[in-house]
Amino acid sequence: MKINQILTLAAAVLLASCQPQTEEKTSSDERSDRSKMMIANMKLASDPHSYSKPNEARVTHLDWDATVDFDQKKIDATATYAIENKTGTSSILFDIHGLQIKGVKVDGELTEFQIGESRDFLGEPLEIPIKPESKQVSITYETAPGAEALLWVEGESPFLFTQSQAILARTWLPCQDSPGVRYSYNARVKVPSNLMALMSAENPQQKTADGVYTFTMEQPIPSYLMALAVGDVEFRAIGDRSGVYAIPELIDAAENEFQEMDDMLVAAEGLYGSYVWGRYDLLILPPAFPFGGMENPRLTFATPTIIAGDRSLVALVAHELAHSWSGNLVTNSTWDDFWLNEGFTVYFEQRIMEAVYGREHSEMLAKLTKQELIEEERDIREVQNLPNDTKLKLNLIDRNPDDGLTAIPYNKGYFFLRLIEETVGREKFDQFLKSYFTEHSFQVMDTDNFLSYLNERLLTDEDRAAINIDAWVFGVGIPENIPNVDSDRLEHVDAIVEAYANGTTSVADIPWDTWEYQEKYRFISELPESVTAANMAELDAAYHILDTGNNEVLFAWLEKSIRKDYAAAYPRAESFLISVGRRKFLTPLYRAMKETNKIDMALAIYAKARPHYHAVATATMDALLEVEH
Ligand code: BES
Ligand code: ZN
């Protein structure tokens with residue numbers, strides 16, 4: 001499908017109800033313009049995490065002209081927006097956070113502007129006076145030294161990448177930073193001539209001689225999906241419309257690791273409809289990337305820690321690919337509805353994994369998902385004492401949306417959808433989901449609207465009684481009707497763990513080398529209280545776990561080692577924490593040290609590691625380790 005068709009489709013439902021159709025003689029361009037207008041006309045819910053008032057005046061397109069300055073670690077840019085003054089209001093509001101605004105023009109005329117008071121994590125409102133007929137706003141600015149979205153990696157091969165979700169886009173681009181505000185964009189970016197620039201847009205596959213790159217993103221996207229990366233990367237094709245970018249040292253390994261990307265794309269389309277974004281490429285970032293992956297449209301950003309050498313951690317690619325539908329096409333209205341992005345994506349990820357690798361494999365993943373949910377849910381409720389954070393529908397007013405990033409929206413969301421699938425049957429559920437994505441393409445969705453759609457289009461009274469939507473969506477904790485996950489292989493692992501722990505199986509009888517990563521992970525995470533440092537040493541001697549190339553297994557092993565005072569693992573823990581900045585690994589490892597009287601060790605390692613981390617990670621670790629900055 002082409003963009004015009006997609007947008008037309010997205011607007012069709014709306015159009016049908018609001019005006020007579022004179023479809024026949026309109027060109028596809030006109031149709032596209034009209035569809036974009038329909039999208040720009042939708043009334044949006046108020047978003048406590050944005051100062052903008054898109055129902056009054058809204059952006060529809062961005063032209064971004066930027067120079068990336070590695071010496072001073074800043075971006076100098078002009079953002080020129082096409083705007084629509086919807087109510088004849090006298091000003092348009094943007095979100096900014098630390099940006100130094102150098103000048104503003106409205107329809108080409110220099111204009112005064114106002115920057116309001118700064119608030120924690122929200123940044124500042126930028127207010128620009130406009131007239132009812134104003135069409136364009138142009139903002140010239142530079143980013144601040146500590147701009148939170150940006151990570152400047154120093155060294156022989158410098159690298160810059162952004163991480164905009166949830167509300168960090170405003171630290172590198174003035175924008176209406178609410179998930180419902182979509183705009184298309186073009187960009188011209190100047191970088192040092194030995195580096196390549198990539199964005200969440202149509203991308204180059206080779207470096208240019210002068211370091212100038214141009215980008216177009218035809219489909220309107222919200223600002224949390226704005227992304228830029230600059231580095232010495234190469235491209236390798238995987239399929240006709242997929243490929244991978246990585247630094248020269250990693251490009252061979254990456255090309256091999258992600259060979260199945262195209263199969264995943266085909267499987268995904270088979271489930272829920274055409275992939276509408278053109279290409280699907282993957283960019284391997286430096287290890288400091290604070291997340292596993294980020295679904296930047298057309299170009300997923302990923303941590304290098306998923307390169308295991310044996311393709312065992314590719315579920316992450318399935319996850320980010322799935323966001324091309326859940327999240328990027330149908331987008332959570334505000335961060336309170338985050339589960340609509342992530343829960344749907346975990347469900348879709350599982351379905352892709354099942355289609356490509358089979359049910360036995362995907363059920364092992366589902367079982368680990370359930371285990372993680374049970375552990376984290378208890379921690380949020382009982383240890384952190386935040387029971388309301390175990391509801392799917394969140395209330396993040398006056399809080400950082402980052403607080404909502406727990407296993408709840410992901411895993412509880414997944415099991416809720418799986419329960420619906422199991423209740424109504426897969427065939428009906430798949431049809432429902434396919435229509436859901438098609439009918440709401442390029443629109444926002446909130447929890448109430450989803451539930452109405454679900455009730456109208458899918459569920460019978462009997463289904464509703466079986467599911468108990470209220471308990472799942474608005475209730476605390478994990479409802480009792482959470483689906484069962486059966487995995488003979490993981491149950492076998494559990495039996496071996498138990499036998500090992502009570503002395504009826506010896507180390508030599510553990511079939512470690514025949515296990516897949518999920519089985520190894522399960523074995524380590526299920527080792528009971530009674531296991532000692534001596535046991536850890538014995539296991540390590542037999543299976544060289546500290547030398548594994550699988551970072552998930554290594555991470556689980558390091559966490560256990562810290563909790564069991566298995567000191568031989570500490571040097572590896574230190575080198576891991578210094579080289580890797582993925583928050584999902586950092587938090588449990590530092591927390592394990594803190595909880596086992598090794599705060600000095602934690603602080604000593606953190607002092608060395610902190611300069612390598614992204615702001616998203618240091619914010620969390622500073623709080624955890626009570627470090628002031
Ligand atoms: N969109 C998220 C990452 C994110 C969420 C960043 C909220 C900032 C705010 C991404 O799709 C994601 O979920 N990544 C996971 C991997 C996944 C396999 C669960 C991660 O990074 O661990
Ligand atoms: Zn996700």
Side-chain angles (χ1 to χ4, degrees), residues 49 121 148-149 151 161-171 177 179 200 221-227 264 282-285 287-297 299-306 308 312-332 334-353 362 365-366 368-369 372-373 376 394 396 399-414 417 517-518 521 551-552 555 580-588 614-617 619-620:
H49 296 112
F121 60 78
E148 282 172 62
L151 190 73
F161 65 83
T162 63
Q163 168 56 42
S164 297
Q165 197 183 11
I167 55 169
L168 299 180
R170 62 190 71 175
T171 71
D177 201 2
S200 50
I221 61 166
S223 53
Y224 82 88
L225 296 175
M226 290 295 297
M264 290 183 177
L282 184 68
L283 167 64
I284 303 301
L285 288 174
F289 184 53
F291 294 106
M294 177 64 213
E295 66 271 27
N296 298 130
L299 182 67
T300 284
F301 282 18
T303 168
T305 61
I306 54 168
S312 56
L313 299 177
V314 295
L316 184 131
V317 178
H319 178 95
E320 305 312 334
L321 171 65
H323 272 303
S324 306
W325 289 259
S326 44
N328 298 3
L329 262 193
V330 185
T331 306
N332 53 205
T334 70
W335 301 114
D336 287 348
D337 304 301
F338 186 51
W339 77 276
L340 292 176
N341 272 20
E342 297 299 344
F344 276 68
T345 298
V346 174
Y347 178 82
F348 196 168
E349 165 197 348
Q350 280 288 138
R351 294 295 304 276
I352 295 171
M353 293 305 286
S362 66
L365 294 170
L368 297 185
T369 299
E372 183 186 53
L373 173 61
E376 206 173 318
L394 296 170
L396 295 168
R399 292 174 69 189
N400 192 329
D402 206 49
D403 290 355
L405 195 46
T406 71
I408 299 299
Y410 287 80
N411 304 10
K412 187 180 175 185
Y414 163 71
L417 296 173
Y517 121 75
Q518 291 87 342
Y521 188 95
N551 284 296
E552 293 282 349
F555 157 72
V580 173
R582 186 174 171 188
R583 187 169 64 176
K584 184 184 112 172
F585 293 153
L586 307 187
T587 308
H614 186 275
V616 158
T620 308

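In each ligand, atom 1 is the first atom listed, and ligand 1 is the first ligand listed. Sequential numbering from 1 along the given sequence is applied to the chain's residues.
In summary, the atoms of ligand 1 found under 4.0 Å from a heavy atom of G292, numbered by their order in the structure, are 20 (C), 21 (O), 22 (O). Under a 4.0 Å criterion applied to the non-hydrogen atoms of E295, ligand 1 contributes the atoms 1 (N), 2 (C), 10 (C), 11 (O). Contact atoms of ligand 1 toward L405: 5 (C), 7 (C), 9 (C) (distance under 4.0 Å to a heavy atom of the residue). With ligand atoms numbered from 1 in the order given, ligand 1 contributes 11 (O) to contacts under 4.0 Å with heavy atoms of H323.
In this structure, the protein non-hydrogen atom closest to atom 10 (C) of ligand 1 is G293 O, 3.2 Å. Nearest protein heavy-atom contact of atom 15 (C) of ligand 1 is E320 OE2, 4.1 Å. Looking only at heavy atoms of the protein, atom 2 (C) of ligand 1 is closest to E342 OE2, 3.4 Å.
Using modelled atom types, one finds a donor on one side chain and an acceptor on the other under 3.5 Å when comparing D177 with S223. Using modelled atom types, one finds a donor on one side chain and an acceptor on the other under 3.5 Å when comparing E342 with H323. Using modelled atom types and a 3.5 Å distance limit, the side chains of Y224 and N332 yield no donor-acceptor pair.
Looking at Q163, R582, Q165 and measuring to atom 9 (C) of ligand 1, the nearest heavy atom belongs to Q165. For atom 13 (O) of ligand 1, the nearest non-hydrogen atom from the set F338, Y410, F301 belongs to Y410.
At least one donor-acceptor pair under 3.5 Å links the side chain of S164 to the backbone N or O of M226. Remark: side-chain polar atoms of H49 are paired, donor with acceptor, to backbone N or O of L396 under 3.5 angstrom.
Residue D402 has no N or O atom closer than 3.5 Å to an N or O atom of ligand 1.
Shortest distance from the Zn ion (ligand 2) to E342 is reached at OE1 (N/O/S atoms only).
A ring-centre distance under 6.0 Å is not found for F161 and F301.
Residues A318 and I352 share a closest heavy-atom pair of O-CD1, 3.7 Å.
Taking the ring pair (Phe, Tyr, Trp, His ring centres under 6.0 Å) definition, one finds that Y414 meets it with nothing, sequence neighbours left out.
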